There are 2 protein chains.
Amino acid sequence: MSDNEDAPAPVPSPHGTQAWINLMRAQQRVLALIERDLKAAGLPGLGWYDVLWELSRAHGGRLRPFEIEERTLLAQYNLSRLIDRLEREGLVERQVFDDDGRGRWVLITEKGRALRSTMWDVYAKAIAKHVGARLPDAGAAQLADLLSRLL
Amino acid sequence: MSDNEDAPAPVPSPHGTQAWINLMRAQQRVLALIERDLKAAGLPGLGWYDVLWELSRAHGGRLRPFEIEERTLLAQYNLSRLIDRLEREGLVERQVFDDDGRGRWVLITEKGRALRSTMWDVYAKAIAKHVGARLPDAGAAQLADLLSRLL
DNA sequence: TACTAATACATGCAATTGCATCTAAATAGT
DNA sequence: ACTATTTAGATGCAATTGCATGTATTAGTA
């Protein structure tokens, strides 16, 4: 035996490798374009959007930090500081969580909801421009499906 | 008229949006897994790999910084400092570029080639495990093709 | 030639990230 | 109840990133 792994083939197929490279490049490229559009509109980046979005659609407009963490894939220490920044801007508030003295609620404010909505106007157009316009709708659906298998 | 953009539809289709979300998530997730494997093997991250790879396949094992920049999508100031770090580790060398006093060559060393090769052993297995094993080869090919349209 | 703009790369400084660790509070084991 | 573990979240510090700008050199233009 030439390898000590268990099931999966140890060498990636050329197609698998190409898929990975394109995944990296496409994401970097489109992300940069979308962030550029947001910045050009004087708006914060997608990190802020993601948190505000999860909060705004959560029941009661609030979540525990660890719940946001799960939904956004942000690292715990990054999220903790991101919440600091959001709080400083009045977009969210931290509240005590009575059932567990360690816990906090993070509650989105009206200002936070308004900003998320404004951001979506720009974000949605950016997605349409940088993704939708480059792929027929059926292709987008197929892409979404293939990518979902990596999740 | 309700919009000031030119050709593309201003609102993304649900499929386009889903494709974008999955693109972000899949890339984040797989990237994190691959970086974890590299770190577990005591190796540097993909940023180093990308530069070493471009250099090792370039004619004469050397490129100008701006050429690396184009090939890797690294920002100019980030690349400049990344080269500093690579140079400190003896993986590359900076040389003067005689035809243009502003320019530099970045030359990969034997040590740099060796490290890239070692990294590839781990990287290739990680791609196989985190991408190849989740997608049939035909699916990977299709994914690569769809993503290439975003590039 | 002298002057202005553009190109190639580097760097000071502030903001963000990653890592390790810390505190406080809840749970588990005895 | 008492100690050890685990969990939620925060934080000090070093490394990296982003932004703006700096330096040197070449190209363009009057």
Side-chain angles (χ1 to χ4, degrees), chain A residues 27-28 31-40 42-51 54-55 58 62-89 91-107, chain B residues 27-28 31-40 42-51 54-55 58 62-89 91-107:
Chain A
Q27 191 269 356
Q28 276 181 43
L31 176 60
L33 291 169
I34 290 177
E35 293 274 18
R36 194 164 60 57
D37 287 359
L38 284 167
K39 196 157 299 185
L43 294 169
L46 285 183
W48 289 37
Y49 183 86
D50 288 345
V51 172
E54 293 301 339
L55 288 171
R62 61 187 196 176
L63 289 170
R64 304 278 303 276
F66 77 91
E67 295 176 308
I68 302 175
E69 199 185 322
E70 291 167 357
R71 289 163 167 74
T72 60
L73 306 180
L74 285 165
Q76 184 269 320
Y77 47 82
N78 278 338
L79 176 59
S80 183
R81 283 156 166 156
L82 178 48
I83 295 169
D84 288 346
R85 285 170 233 143
L86 293 170
E87 194 169 35
R88 260 182 252 125
E89 297 296 325
L91 302 167
V92 306
E93 282 172 21
R94 271 190 255 240
Q95 299 182 332
V96 298
F97 178 66
D98 295 310
D99 292 1
D100 184 333
R102 297 167 298 184
R104 307 273 182 269
W105 282 117
V106 181
L107 172 69
Chain B
Q27 191 269 355
Q28 275 181 44
L31 176 60
L33 291 169
I34 290 178
E35 293 273 17
R36 193 165 61 57
D37 287 0
L38 285 167
K39 196 157 301 185
L43 295 169
L46 286 182
W48 289 36
Y49 183 86
D50 288 345
V51 171
E54 294 301 339
L55 288 172
R62 61 187 196 176
L63 290 170
R64 304 277 304 276
F66 77 91
E67 295 176 308
I68 302 174
E69 197 185 322
E70 291 166 358
R71 288 163 167 73
T72 60
L73 306 181
L74 286 165
Q76 183 269 320
Y77 47 83
N78 278 337
L79 176 59
S80 183
R81 283 156 167 155
L82 178 48
I83 295 170
D84 289 346
R85 285 170 234 143
L86 293 170
E87 194 169 36
R88 261 182 251 125
E89 298 296 326
L91 302 167
V92 307
E93 282 171 22
R94 272 189 254 239
Q95 300 182 331
V96 298
F97 178 67
D98 296 310
D99 293 1
D100 184 334
R102 297 166 298 184
R104 308 273 181 269
W105 282 116
V106 181
L107 172 70

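Order of the sequence lines fixes the chain letters, A, B, ..., with proteins taken first and strands second; residue numbering starts at 1 for each chain. The shown structure was predicted, so the numbers you read here are calculated from the model rather than taken from an experiment.
- The CG-P distance, from A/Leu79 to C/dT17, rounds to 11 Å in whole Å.
- Atom CG of A/Asp84 and atom P of C/dA15 are 14 Å apart (whole Å).
- Remark: the B/Gln76 side chain and the C/dA8 base include no donor-acceptor N/O pair separated by less than 3.5 Å.
- Residue-level contact check: B/Arg64 touches the backbone only, with heavy atoms under 4.0 Å from sugar-phosphate atoms and none from bases.
- Residue side chain A/Arg81 reaches the base of D/dG12 through a donor-acceptor N/O pair under 3.5 Å, judged by distance alone.
- Regarding contacts with the backbone of C/dC19, a side-chain N or O of A/Tyr77 is found under 4.0 angstrom from either OP1 or OP2.
- Atom CG of B/Leu107 sits about 10.5 Å away from atom CD of B/Glu87, to the nearest 0.5 Å.
- Of the side-chain N and O atoms in B/Arg102, none sit less than 4.0 angstrom from OP1 or OP2 of C/dA6.
- Counting only heavy atoms from C-beta outward, the side chains of A/Trp48 and A/Glu89 approach each other to under 4.5 Å.
- Counting to the nearest Å, the C1' atom of C/dA10 and the CZ atom of B/Arg94 are 8 Å from each other.
- Between A/Phe97 atom CZ and A/Arg64 atom CZ the span is 4.5 Å, to the nearest 0.5 Å.
- Phosphate contact (OP1/OP2 of D/dG18, side-chain N/O of B/Asn78, threshold under 4.0 Å): present.
- Atoms CG (B/Leu31) and C1' (C/dT17) sit 14 Å apart, rounded to a whole Å.
- Contact check for B/Val51 versus B/Leu79: side-chain heavy atoms found under the 4.5 Å cut-off.
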In sequence, state the C-alpha distance, the side-chain angles, and the governing distance for B/Leu38 and B/Tyr49, and then conclude on side chain to side chain contact (heavy atoms under 4.5 Å, CB included). CA-CA 10 Å; B/Leu38 285 167; B/Tyr49 183 86; 5.9 Å; no
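- One interatomic measurement links the two molecules: CG of B/Leu63 to P of C/dC9, which rounds to 11 Å at whole-angstrom precision.
- Atom CD of A/Glu69 is separated from atom C1' of D/dA10 by 13 Å (rounded to the nearest Å).
- Distances shorter than 4.0 Å separate some side-chain N or O of A/Lys39 from OP1 or OP2 on D/dC19.
- A/Leu86 has its CG atom 16 Å from the C1' atom of D/dG9, to the nearest Å.
- One interatomic measurement links the two molecules: CZ of B/Arg88 to C1' of D/dT16, which rounds to 12 Å at whole-angstrom precision.
- Residues A/Asp100 and A/Trp48 each lie close to DNA chain C; by heavy-atom proximity, the contact nearer the 5' end of the strand is made by A/Trp48.
- Projected onto DNA chain D by closest heavy-atom contact, A/Ser80 and B/Leu82 fall at different nucleotides, the more 5' of which corresponds to A/Ser80.
- The residue B/Phe97 sits apart from the nucleic acid: no heavy atom pair falls under 4.0 Å.
- Relative to the side chain of A/Arg104, the nucleotides D/dA10, D/dT17, C/dA8 differ in distance, and D/dA10 lies closest.
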